Amino acid sequence: MADVRLEALSFRYPGADTDTLRELDLGIARGEAHALLGASGAGKSTLVNLLSGLIRPGSGAVRFDGRNVSALPPRERGVSQVFQFPVLYDTLTVEQNLTLPLRNRGWRRAAARERAAEIAGRLELTPWLAVRAGKLSLFQKQLVAIARALVRPDIALVLLDEPLTAVQPATKWQLRQSIKAIQRDLGATMVYVTHDQTEALTFADRISVMHGGAILQTGTPEALYREPDHEHVAHFIGSPGMNLLPGRVERGEVRLAGVRVAAAPADLADGPCTVGFRPEWAELQPLGERQPLWERPPAANAEFAARGRSHSTGGSPSDGLTVQVTATRVLGIDGGGAFGIVTARLGEHLLRTRQIVRVAAGDTARLELDSARLVLFREGVRIGCRQ
């Protein structure tokens with residue numbers, strides 16, 4: 001498996017007015033599970049084709065272990081790929097599908113069968129080795145396609161291009177766990193392409209969020225969630241995404257709707273900003289209550305207590321932030337109370353909290369923020385973080 005580097009990589013399709021990919025720089029360590037995450041049109045498929053060698057960059061370089069492979073055809077790169085729909089020889093058995101790539105490279109039959117059996121065992125395909133691929137379920141076929149991508153020990157990189165799109169939702173989690181387990185066991189360098197943040201967050205060691213032909217941010221799932229570098233990342237990651245409300249920095253204070261909600265980071269210039277906070281970093285309280293969830297005893301809300309966060313001192317800076325509750329959605333029961341998503345309106349802007357639901361649609365409530373966690377943006381880019 002290879003260490004993969006992209007250096008100032010750009011690509012433009014013939015006849016296009018602008019680059020599809022622009023000056024991408026990215027490093028993927030040997031043995032890393034990496035995800036390319038973005039909506040349709042972000043440039044994910046183009047980047048995968050550049051990695052596989054199906055197309056060549058207009059400028060920049062693709063390097064495997066320091067070697068520039070930008071001009072090499074797919075066969076000479078040692079890249080294997082799994083597509084949305086499994087591509088197998090349906091008239092061949094599972095074993096024959098797995099040994100074929102090895103036999104084509106001169107492996108002796110016994111050695112090829114031994115390697116195929118090893119990989120099949122890791123993906124729990126052993127009972128199906130003698131079964132023709134055409135008789136398998138779609139889930140099993142995709143497992144075979146993944147096994148075939150991994151069967152060659154000389155593979156530099158494995159590309160998984162939306163591999164769960166055609167799989168039933170009930171089996172997606174199982175297949176994702178199987179892929180992750182064998183990736184970890186073999187130390188395979190994998191690039192997993194998806195538009196589904198759940199798949200990316202639960203599979204990858206690190207994620208690159210793509211938008212408009214650029215990589216906006218690369219980081220661990222936790223880093224992307226807690227400290228997004230860009231408003232698009234903040235909104236795209238999370239369900240619901242981060243709340244983004246217009247605010248201001250004035251004389252060392254962060255203000256929402258004219259109300260102080262936190263001290264501003266040092267040396268941050270006055271002016272407009274966007275205030276970001278995750279739904280669980282805030283709570284909508286009935287107007288008569290005074291204590292936010294993260295200041296209550298552990299029995300009241302273990303999640304907030306475990307984080308060790310406290311509301312800002314010196315009284316409640318968000319006393320004046322009243323909102324209109326527009327909807328509630330119960331997700332379950334927590335400590336005997338309904339827990340879910342509450343939607344409210346602050347001026348012209350909607351926000352969502354994830355909390356014990358103690359307000360109802362039509363109520364006027366007070367917005368309490370965990371001010372230690374606010375993320376600030378200006379012109380779409382993060383300028384400060386309270387964490």
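The model shown is predicted, which means the values in this text are computed figures rather than measured ones.
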Keeping the roles fixed (side chain from Arg63, backbone from Asp3), state whether a donor-acceptor pair exists under 3.5 Å.
no

Got Thr198 and Arg176 here, is their nearest side-chain heavy-atom distance under 4.5 Å?
yes

Does a side-chain heavy-atom distance below 4.5 Å link Leu160 with Ile179?
yes

Quick one, Thr194 with Glu199, criterion side chain to side chain donor-acceptor pair (under 3.5 Å). Give me CA distance, side-chain angles, the key distance, then yes/no.
CA-CA 7 Å; Thr194 181; Glu199 293 181 14; 3.1 Å; yes

For Arg67, is the CZ atom crowded, meaning more than 12 foreign heavy atoms sit under 6.0 Å from it?
no

Any salt bridge between Arg255 and Glu253, counting N to O under 4.0 Å?
yes

Pairing of Arg358 and Glu283 as salt bridge, 4.0 angstrom limit
yes

Which of His34, Gln183, Lys180 passes side-chain hydrogen bond (donor to acceptor under 3.5 Å, both in side chains) with Asp205? Answer is Lys180

Taking only Lys NZ, Arg NE, NH1 and NH2, and the carboxylate oxygens of Asp or Glu, determine whether Arg122 and Asp185 approach each other closer than 4.0 Å.
yes

With a 4.5 Å heavy-atom cut-off, do Ser208 and Gln217 have their side chains touching?
no

Evaluate the ring planes of Tyr192 and Phe203, with Trp represented by its six-membered ring, and classify them as parallel (under 30°), tilted (30 to 60°) or perpendicular (over 60°).
tilted

List for me each residue that meets ring pair (Phe, Tyr, Trp, His ring centres under 6.0 Å) alongside Phe85, sequence neighbours excluded, and say none if there are none.
none

Are Arg152 and Asp154 close enough for a salt bridge, meaning some N to O gap below 4.0 Å?
yes

Sequence neighbours excluded, the answer for ring pair (Phe, Tyr, Trp, His ring centres under 6.0 Å) partners of His230 is none

Restricting to ring pair (Phe, Tyr, Trp, His ring centres under 6.0 Å), what partner residues turn up for Phe277, sequence neighbours left out?
none

